[in-house]
Amino acid sequence: MFCRLAGKLQQIVDEPVKYFVCSLFSGAIAGNPFGVDRKWLAQELGFQDVTVNSMASTGDRDFVADFLYWGTLTMIHLSKLSEDLIVFSTKEFAFVELSDAYSTGSSLMPQKKNPDSLELIRGKTGTIFGNCTGFLCSLKGLPSTYNKDLQEDKQAMFSTYDTLSAVLQIADGVVSTLKINPARSEER
C-alpha cells in the first residue's frame with residue numbers, strides 16, 4: 001500500500017527536468033522583437049534549453065495538467081491508504097489503533113474512535129480530482145497560443161498544492177503515530 005504512494009512522491013522529484021525549458025521572450029504571435037539572445041539567457045538562468053515555438057509555449061499548460069494529474073493520483077493512493085486504515089482500525093479487525101491526535105470520540109459511544117483525519121483525506125480526494133477534471137475541460141476547447149481561459153490554471157494549481165501539502169502532513173502524522181497490533185494481525 002505504501003509502495004504506490006512512494007512511487008508517486010518520487011515521480012514529482014524526477015519529472016521537473018522535462019519542464020526546465022525557458023519561455024522568456026516568447027510573444028504570443030511574433031516571438032521576440034527585441035533581439036534578445038534567448039539561448040544565452042536560458043543558459044544564464046540555468047535552463048536546459050529554450051522553447052522552439054513561441055505560439056505553443058505561451059499557450060502551453062501541460063505542466064499544470066501534469067501536476068494536477070499527479071496530485072489526483074497521489075490523493076487516490078492516499079484515499080485508498082486511508083480507507084485501508086479505517087477498516088483495519090475497526091473493532092472487527094483491530095490491526096491498528098489510531099492516535100487520539102488524529103481521531104475523535106463519538107458523542108454516542110465515548111469508547112469509539114472516529115477516524116476523522118482519514119475520512120477527511122478520503123473526502124479531499126474528490127476536490128483534487130475535480131480541480132484536475134475542471135482544468136482539463138478548460139483546456140479542451142482552446143485554440144493555440146495564449147487565451148484568458150488559461151488564467152484558470154492558478155486556482156486549480158494553488159488549491160491542489162495547498163490541499164496536498166496539508167493532507168501529506170496529516171497522513172504523515174497518522175502513519176507515524178499509528179499503533180500496530182501484531183498479535184491481532186497474526187490471528188487473521
Side-chain angles (χ1 to χ4, degrees), residues 1-19 61-141 149-188:
M1 115 175 100
F2 291 109
C3 60
R4 283 185 163 162
L5 180 58
K8 284 291 130 203
L9 296 175
Q10 186 60 44
Q11 185 180 15
I12 200 71
V13 173
D14 296 340
E15 292 265 327
V17 173
K18 71 181 180 184
Y19 299 114
R61 292 300 183 276
D62 287 0
F63 66 98
V64 176
D66 286 347
F67 174 75
L68 295 175
Y69 179 69
W70 171 86
T72 300
L73 282 179
T74 300
M75 286 298 294
I76 286 170
H77 293 306
L78 285 167
S79 179
K80 291 170 115 178
L81 171 64
S82 295
E83 182 58 23
D84 287 345
L85 291 175
I86 289 169
V87 170
F88 293 156
S89 69
T90 62
K91 70 176 187 169
E92 291 80 13
F93 286 89
F95 294 163
V96 297
E97 183 181 343
L98 300 176
S99 166
D100 289 343
Y102 294 97
S103 56
T104 60
S106 169
S107 57
L108 294 175
M109 299 181 293
Q111 75 284 2
K112 181 179 181 260
K113 282 189 179 182
N114 289 326
D116 293 344
S117 55
L118 296 171
E119 291 172 353
L120 291 170
I121 290 171
R122 200 177 52 194
K124 284 293 184 183
T125 300
T127 302
I128 301 303
F129 188 89
N131 287 347
C132 183
T133 303
F135 183 67
L136 291 175
C137 286
S138 294
L139 286 181
K140 72 164 179 53
D149 311 53
L150 293 174
Q151 291 184 6
E152 290 298 308
D153 69 346
K154 279 89 176 146
Q155 184 280 330
M157 189 157 176
F158 294 142
S159 171
T160 296
Y161 175 83
D162 291 344
T163 301
L164 269 169
S165 294
V167 164
L168 287 169
Q169 289 177 11
I170 292 167
D172 179 56
V174 169
V175 171
S176 65
T177 60
L178 195 68
K179 291 180 186 165
I180 298 173
N181 185 349
R184 180 71 178 185
S185 301
E186 289 171 5
E187 288 175 17
R188 297 275 174 154

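Expressed to the nearest 0.5 Å, how far CG of L78 lies from CG of L164 amounts to 7.5 Å. To the nearest 0.5 Å, atoms CG (D153) and CG (L139) are separated by 8.5 Å. For the atom pair R122 CZ and L81 CG, the distance stands at 12.0 Å (nearest 0.5 Å). S89 OG to N114 CG: the interatomic distance, rounded to the nearest 0.5 Å, is 9.5 Å. Considering OH of Y69 and CD1 of I128, their distance stands at 15.0 Å, rounded to 0.5 Å. Once rounded to the nearest 0.5 Å, the distance linking CH2 of W70 with SG of C132 reads 12.5 Å.
Residues passing the side chain to side chain contact (heavy atoms under 4.5 Å, CB included) test with D162: none are found, sequence neighbours excluded. Applying the side-chain hydrogen bond (donor to acceptor under 3.5 Å, both in side chains) test to T90 and every residue at least two apart in sequence or in another chain returns E92. Residues satisfying the salt bridge (charged side-chain N to carboxylate O under 4.0 Å, His left out) test with E119, not counting sequence neighbours, are none. Residues satisfying the side-chain hydrogen bond (donor to acceptor under 3.5 Å, both in side chains) test with E152, not counting sequence neighbours, are none. Judged as a side chain to side chain contact (heavy atoms under 4.5 Å, CB included), and not counting sequence neighbours, the contacts of I180 are V96, P182. Applying the salt bridge (charged side-chain N to carboxylate O under 4.0 Å, His left out) criterion to E186, with sequence neighbours excluded, gives no partner residue. Remark: F158 engages K154 in a side chain to side chain contact (heavy atoms under 4.5 Å, CB included) (not counting sequence neighbours). Scored by the side chain to side chain contact (heavy atoms under 4.5 Å, CB included) test, Q151 finds Y146, K148 as partners (sequence neighbours excluded).
In plain terms, the two heavy atoms of S99 and T177 that are nearest each other are CB-OG1, 3.3 Å. Across every non-hydrogen atom of L68 and A156, the tightest pair is CD2-O, 3.5 Å. Taking both residues in full, the closest heavy atoms of I121 and S82 are given as CG2-OG, 3.3 Å, listed atom of the first, atom of the second, then distance.
Between M75 and F129, every side-chain heavy-atom pair lies at or beyond the 4.5 Å cut-off.
Sorted by first and then second residue, the salt bridge (Lys or Arg N to Asp or Glu O under 4.0 Å) pairs with a member in residues 101-118 read E97-K113, D100-K113; sequence neighbours excluded. Every pair passing side chain to side chain donor-acceptor pair (under 3.5 Å) that includes a residue from residues 125-140 is listed here, sequence neighbours excluded: N131-S159, N131-T160. Residues in residues 94-124 take part in these ring-ring contact (aromatic ring centres under 6.0 Å, His included) pairs, two or more places apart or across chains: F88-F95, F93-F95.
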- prompt: Going through the distances and angles, do L98 and L118 end up as a side-chain contact (heavy atoms from CB on, under 4.5 Å)?
  reply: CA-CA 10 Å; L98 300 176; L118 296 171; 3.8 Å; yes
Taking only distance into account, with no hydrogens and no angle test, what donor-acceptor pairs under 3.5 Å do side-chain atoms of residues 165-174 form with protein atoms, sequence neighbours excluded?
residue	atom	partner	partner atom	Å
S165	OG	Y161	O	2.9

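Note on R184 versus E187: salt bridge recorded, some NZ/NE/NH1/NH2 to OD/OE distance being below 4.0 Å.
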